[in-house]
Asks: 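So that we are looking at the same thing, I have put the structure below in structure tokens.
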Amino acid sequence: MPAPRIKSPHLLVAESGADREGHGLKRTMGLFQLICFGVGAIVGTGIFVGLSDSVAQAGPAVVVSFVLAAITCVFTALSFAELGGAIPVSGSSYSFAYAGLGESTAFLVGWCLLLEYGISISAVAVGWSEYVNELLHSLAGVRLPAALSAGPGDGGLVNLPAVLVIAMASVLLVRGVRESARATAAMAAVKLAILLAFCAIGYSAFKDGNLTPFSPAGLGGIGAGTTAAFFSYIGFDAITTAGEEAKNPRRDIPVAILVCMGVVTLLYCAVALAAIGAIGGDQVAGRPAALSHVVNEVTGSTVGGGVIAFGAVVAIASVVLAVMYGQTRILMSMSRDGLIPRVFEKVSPRTATPVAGTLIVAVVFAVPAAFASLDAVMNLCTIGTLAIMAVVNIAVIALRRREPGLRRSFRVPLYPVAPLLGVGFCLYLMYETGWQTWLQFAVFLAVGLLVYGAYGRRHSTLAAAARDEVTPAAAEREPQAV
């Protein structure tokens, strides 16, 4: 069996120019922008839309589910923080897997990232459409026609608002990362203010009796709720995709990841308690636009619900923007390595952004948002994301052994216990998705291996460099321009 093709961290950094100006990109994001970017990528559909699904599984014990999902993510966030500081490149978990476990594993991680980000963007865009309708109803007493606000699987023809938010995000991303970072920071501030206002309203009507029975479905319900709640945390890894556009990535990326995870976990638990304590779990479970409903019930007016709907519209738009950003940068890294077509690595010299790759991502992800019902594949997205997280934890261990002298601005505490616990929690939540999801995931990975064998393995720049006996320094290539 041939040895895996492993790209050293030093070569990844050298090829990307990550300690200089990365691959035609510009360093414009400071620590504050990275934190806002992380909050923008995480806080959105998961709490504004997905809360009702988590409550339906766990009841008031959804708070425990959020904590368990957060613990799973925290262990992995520590690993992301170490690797993001040591390998500050745009490829995120794909590049970490390339350095730690080899090319074929890295390709499958990139393949799973297409699933994670693709379904996330499409699902988030659909959630945005729901809150746009809620906002219109609150402001003007009207709703968009069902034929134009839902796909065929949900009783409509095409979901135009979902397409619109993806289009708006792509325009911002094409204009430049500075503009995108400013927009994300503004939207992050708005949605945090809205959620804090929601907590103030919810706790004003808090009743202890609404928390009983605390766990109506027992441990099984908490476990299922944790799997559902996990989707609320997807996106924190997008911070590491800014490795080539952060001003001081080795210091700022680890700090931004840890700050974001702490803030988001506290916020989610506070919002969940406020919602259930105000009107009871039965009234929250399975209800679209649940937070607006809570405020309407507490205040007896639709004005407050309209404000929450406005916050949700802003919040969810910021998630689309941040996650699309992360997807384009990961594709750029994979293209740079020759594993996917070169069009994704081309950076415009005028805007310093991968214009062609951004537009392709927008078109491809707008199609399922417009026409598909995504409920059937949400568990597939979850298991793919958990698999990526498990690989990142393993990559930390592999690189500690292979590259003990690697410059690390942050080190995972309690090593190797913390990354091993991260793997264990990921495997537990993967188990909770059920055998049907495992079967879908196995088929998805098999297709990924076929794509890698048919294209990626043959076009790999690392393999070409080895064949031509090119030194790492000589293997550096200038960025292509459009």
Side-chain angles (χ1 to χ4, degrees), residues 28-29 33 36-46 48-49 117-136 139-140 143-145 148-151 156 158-192 194 234-235 238 241-242 245 289 306 308-332 348 350-372 374:
T28 58
M29 299 176 71
Q33 286 82 9
C36 290
F37 178 70
V39 172
I42 302 169
V43 181
T45 309
F48 282 98
V49 179
Y117 284 9
I119 293 178
S120 295
I121 292 170
S122 300
V124 166
V126 171
W128 190 80
S129 179
E130 293 177 6
Y131 266 101
V132 165
N133 253 333
E134 186 69 22
L135 181 60
L136 289 174
L139 294 178
R143 295 183 184 272
L144 293 172
L148 300 180
S149 58
V158 59
N159 197 326
L160 286 183
V163 175
L164 177 63
V165 71
I166 292 176
M168 291 190 299
S170 66
V171 170
L172 266 176
L173 290 172
V174 165
R175 285 177 58 85
V177 70
R178 187 187 301 274
E179 290 80 1
S180 302
R182 288 173 177 170
T184 302
M187 289 188 284
V190 169
K191 65 184 172 184
L192 287 179
I194 293 292
I234 289 178
T241 65
E245 290 159 288
I308 298 298
F310 171 75
V313 167
V314 173
I316 296 171
S318 73
V319 175
V320 173
L321 178 64
V323 175
M324 276 187 66
Y325 169 91
Q327 180 68 90
T328 58
R329 271 48 179 185
I330 289 167
L331 291 174
M332 189 182 73
S348 168
R350 184 173 63 86
T351 64
T353 60
V355 174
T358 300
L359 295 178
I360 291 172
V361 166
V363 171
V364 171
F365 292 163
V367 172
F371 300 107
L374 301 172

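Basis for what follows: all heavy atoms, side chains included, without hydrogens, waters or symmetry-related copies.
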Asks: Look at atom CZ of Arg175 and say whether more than 12 heavy atoms of other residues, nucleotides or ligands are closer to it than 6.0 Å.
Replies: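 At most 12 heavy atoms, drawn from other residues, nucleotides or ligands, come within 6.0 Å of this atom.
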Asks: Taking side chain as C-beta onward, heavy atoms only, is Ile330 less than 4.5 Å from Tyr117?
Replies: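 Yes; the side chains approach each other to less than 4.5 Å.
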Asks: Could you pull out the closest heavy-atom pair between Ala362 and Ser170, with the gap in Å?
Replies: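 Nearest heavy atoms, Ala362 then Ser170: CB-CB, 3.7 Å.
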Asks: Listed by chain and number, what are the side-chain hydrogen bond (donor to acceptor under 3.5 Å, both in side chains) partners of Thr358, not counting sequence neighbours?
Replies: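 Thr358: no side-chain hydrogen bond (donor to acceptor under 3.5 Å, both in side chains) contacts found.
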Asks: Scan Leu173, Ile166, Val165 and name whichever one has a side chain to side chain contact (heavy atoms under 4.5 Å, CB included) with Leu321.
Replies: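 Per the side chain to side chain contact (heavy atoms under 4.5 Å, CB included) rule, the option paired with Leu321 is Leu173, out of Leu173, Ile166, Val165.
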Asks: Does the side chain of Val313 come within less than 4.5 Å of Met187's, by heavy atoms?
Replies: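 Counting from C-beta outward, Met187 and Val313 never come under 4.5 Å.
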Asks: Please report the closest heavy-atom contact between Gly40 and Thr184, naming both atoms and the distance.
Replies: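 Heavy-atom minimum between the residues: CA-CG2, 4.2 Å.
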Asks: Can you name the one residue among Val319, Asn133, Ile316 that meets side chain to side chain contact (heavy atoms under 4.5 Å, CB included) with Trp128?
Replies: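 The single option meeting the side chain to side chain contact (heavy atoms under 4.5 Å, CB included) with Trp128 is Ile316.
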Asks: Would you mind reporting whether Leu359 and Val174 have side-chain heavy atoms less than 4.5 Å apart?
Replies: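 When only atoms from C-beta onward are counted, Leu359 and Val174 do touch, with a gap below 4.5 Å.
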Asks: Indicate yes or no: at least one non-hydrogen side-chain atom of Glu245 is less than 4.5 angstrom from one of Phe37.
Replies: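 Counting from C-beta outward, Glu245 and Phe37 never come under 4.5 Å.
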Asks: Mind running side-chain contact (heavy atoms from CB on, under 4.5 Å) on Leu331 and Gln327 for me, showing each step along the way?
Replies: CA-CA 6 Å; Leu331 291 174; Gln327 180 68 90; 3.6 Å; yes
Asks: Sort and list the pairs that fulfil side-chain hydrogen bond (donor to acceptor under 3.5 Å, both in side chains) and have at least one residue in residues 312-322, not counting sequence neighbours.
Replies: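 For residues 312-322, and leaving out neighbouring residues, the side-chain hydrogen bond (donor to acceptor under 3.5 Å, both in side chains) pairs sorted by first residue read Lys191-Ser318.
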Asks: What is the distance from atom CZ of Arg329 to atom CE of Met324, rounded to the nearest 0.5 Å?
Replies: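 Interatomic distance, Arg329 CZ to Met324 CE, rounded to 0.5 Å: 10.0 Å.
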Asks: For residues Leu148 and Pro161, report the shortest heavy-atom separation together with the two atoms involved.
Replies: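 Smallest interatomic distance, heavy atoms only, reads O-CD, 3.3 Å.
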Asks: So, the side chain of Ser122 versus the backbone of Phe365: is there a donor-acceptor pair under 3.5 Å, distance only?
Replies: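 Judged by distance alone, yes, a pair lies under 3.5 Å.
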Asks: What's the shortest heavy-atom distance between Ala369 and Val126, and which atoms?
Replies: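 So the minimum-distance heavy-atom pair works out to O-CG2, 3.7 Å.
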Asks: Looking at every non-hydrogen atom in both residues, tell me the closest pair between Ala169 and Val320 and how far apart they are.
Replies: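 Taking Ala169 first and Val320 second, the nearest heavy atoms are CB-CG1, 3.8 Å.
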Asks: Using every non-hydrogen atom in the two residues, find where Val364 and Pro368 come nearest and quote the distance to one decimal.
Replies: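 Scanning both residues completely, I find the closest heavy atoms to be O-CD, 3.0 Å.
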Asks: With a 3.5 Å distance limit and no angle check, can you tell me whether Asn159 reaches the backbone of Gly151 through a side-chain donor-acceptor pair?
Replies: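 Not at all, since once roles are kept as given, no pair shorter than 3.5 Å links the two residues.
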